[in-house]
Amino acid sequence: MIARAPAKAIVSGEHAVVYGAPALAIAIARYAEVRVVRQGDPDQLTLILADLNHQSRIDRQQLLHQTDTANQHYQDFLAGTAPIKAVLQQPSSLYFYAIGTLLQLFPDLPLGLEIRIKSDIPLGSGMGSSAATVAAMLAAIAADAGLKLSDQQLFELSHGAEQLQHGRSSGLDPAVCCWGGMLRFQDGKFEKRTFSNMAGWYLLDSGRPSVSTGECGVQVRQQFLHSDIWTEFAEVTNSLEQAISGGQSELILDSIRVNQRLLSHIGVVPERVQQLVAQIEAQGGAAKISGAGAVAGDNAGLVLVYCPDKTVANALTPKMTLTPLQVAANGAASVLS
Ligand code: MEV
């Protein structure tokens with residue numbers, strides 16, 4: 001059985017969505033793919049993380065024990081007595097945790113599986129690699145076992161794992177990976193939106209951040225938990241949504257520029273990336289980080305660029321690799337049996 005799930009790009013509202021503001025995000029046509037093959041002892045499983053050259057084995061009892069331990073460490077993180085890094089410590093921990101929670105929901109689920117995860121979504125770069133790999137893996141295991149896992153259950157399990165990976169996840173990344181297309185997301189609920197005109201939208205990779213999404217979230221929370229800035233983020237997300245649906249390119253440009261300034265203000269845009277964005281703005285385009293960004297180092301992961309005028313995009317390309325944005329209409333699904 002094979003399942004895959006798309007990457008995501010946040011159009012507006014990262015960080016703010018954790019504090020109740022709305023966000024707009026789209027699934028993009030890069031995929032995590034998971035192959036599940038039945039083999040061996042029905043109480044054991046083998047996990048292969050092909051991109052990390054990592055392989056590990058675990059049995060049912062260890063899996064359930066590790067799941068409980070991770071939940072305890074997460075409570076310590078929430079209580080402020082442990083860093084987020086201490087919750088899921090090994091590359092395999094996120095996946096074992098997600099399978100452990102699936103087992104709690106379906107205790108009779110047979111193991112005896114080899115699970116191979118590979119992904120063309122860059123790791124730790126704001127494109128939802130953890131959410132997509134987890135959602136694809138759970139979809140593959142469920143389809144292989146003939147389980148009727150609803151999209152909502154897949155989302156909730158993926159969101160549960162994402163909480164431990166990122167500290168306090170709004171659920172935005174797993175929602176986009178599970179449902180695909182463009183979503184408006186707020187307070188754990190989503191509405192589908194159409195994003196028919198992709199002309200002028202590009203992705204730019206500013207390099208892998210040296211800090212994780214969880215670490216960025218902790219710093220932002222320390223400094224802005226009680227700030228009014230989230231209302232300003234909500235306003236800019238609403239105006240960007242209106243501008244996109246009305247095809248108003250000047251308003252899109254303006255909203256992205258305001259958005260980027262707000263993100264810089266909360267400290268998630270390194271100086272080097274602010275300069276990169278300034279070059280795009282100087283040519284008449286607009287750009288913002290997309291995802292958690294970075295509270296340290298020079299790189300911020302994914303940058304979303306809007307240049308409705310093709311000559312502007314052409315003028316930028318000798319210096320920057322702009323990839324046209326391609327929306328993935330569908331979310332996580334098993335694709336072959
Ligand atoms: C991370 O891709 C997006 C954040 O807003 C965190 C979240 O929404 O869970 C930074």
Side-chain angles (χ1 to χ4, degrees), residues 5-28 30 32 74 77-78 84 87-88 94 119 121-135 155-179 182-190 203 205-206 208-209 211-225 227 229-230 232-234 236-237 240 259-260 262-270 273 288-296 299-304 331:
K8 67 96 199 359
I10 299 178
V11 179
S12 187
E14 46 276 273
H15 292 288
V17 66
V18 177
Y19 304 96
L24 273 183
I26 33 178
I28 54 178
R30 293 186 79 153
Y74 184 59
F77 161 75
L78 290 178
I84 187 61
V87 179
L88 299 173
L94 170 68
S119 172
I121 308 169
L123 265 178
S125 289
M127 292 171 81
S129 146
S130 56
T133 47
V134 167
F155 164 70
E156 283 168 12
L157 288 165
S158 307
H159 184 204
E162 192 84 344
Q163 295 278 28
L164 275 70
Q165 174 79 357
H166 291 329
R168 287 179 176 86
S169 157
S170 65
L172 175 62
D173 293 14
V176 181
C177 297
C178 289
W179 278 289
M182 176 162 170
L183 304 184
R184 178 187 165 97
F185 185 91
Q186 188 169 20
D187 294 328
K189 298 198 175 55
F190 77 92
L203 302 176
D205 184 1
S206 75
R208 185 173 175 178
V211 279
S212 68
T213 296
E215 289 165 308
C216 293
V218 167
Q219 179 163 319
V220 168
R221 190 176 190 85
Q222 276 163 0
Q223 295 174 3
F224 293 95
L225 175 60
S227 166
I229 198 161
W230 308 122
E232 292 179 59
F233 273 102
V236 84
T237 296
L240 192 50
N259 203 326
Q260 166 72 1
L262 290 171
L263 288 162
S264 299
H265 184 77
I266 62 169
V268 296
V269 191
V273 179
K288 61 173 277 290
I289 61 132
S290 175
V295 292
N299 303 335
L302 189 66
V303 172
L304 188 65

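Owing to the predicted nature of the structure, the values given are computational and were not obtained by experimental measurement. Atoms within each ligand, like the ligands themselves, are counted from 1 in listed order. One is the number of the first residue; the rest follow in order along the sequence.
- The nearest non-hydrogen atom to atom 2 (O) of ligand 1, considering only I289, L172, T213, D173, comes from D173.
- With contacts defined as side-chain heavy-atom distances shorter than 4.5 Å, the pair N299/D205 does not qualify.
- When all heavy atoms of A5 and I121 are compared, the closest pair comes out as O-CD1, 4.3 Å.
- Applying the 4.0 Å criterion to heavy atoms of S169 picks out, from ligand 1, the atoms 9 (O).
- Between V303 and L203, every side-chain heavy-atom pair lies at or beyond the 4.5 Å cut-off.
- Listed by number with element, the atoms of ligand 1 under 4.0 Å from a non-hydrogen atom of V17 are 5 (O), 8 (O).
- No donor-acceptor pair under 3.5 Å is formed between the side chain of S169 and the backbone N or O of H166.
- Proximity of K8 to ligand 1, defined as any heavy-atom pair under 4.0 Å, is confined to the side chain (atoms from C-beta onward).
- Scanning all protein heavy atoms for the shortest distance to atom 6 (C) of ligand 1 gives V18 CG2, 3.9 Å.
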From CA spacing to verdict: side-chain hydrogen bond (donor to acceptor under 3.5 Å, both in side chains), N259, S12: CA-CA 7 Å; N259 203 326; S12 187; 2.7 Å; yes
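- For ligand 1, the atoms sitting less than 4.0 Å from at least one non-hydrogen atom of E14 are 5 (O), numbered in the order shown with element in parentheses.
- Between S158 and C177, the closest side-chain pair of non-hydrogen atoms is not below 4.5 Å.
- Below 4.0 Å from some heavy atom of I10 lie the following atoms of ligand 1, by number and element: 2 (O), 3 (C).
- Polar contact with ligand 1: present for S170 (N/O pair, distance under 3.5 Å).
- Residue contacts with ligand 1 include H15, since one of its heavy atoms falls under 4.0 Å from the ligand.
- The shortest separation from a heavy atom of E162 to ligand 1 is not under 4.0 Å, leaving the residue out of contact.
- In this pair, F224 and W230 present their aromatic rings perpendicular. The plane angle is above 60°, beyond the 30 to 60° band.
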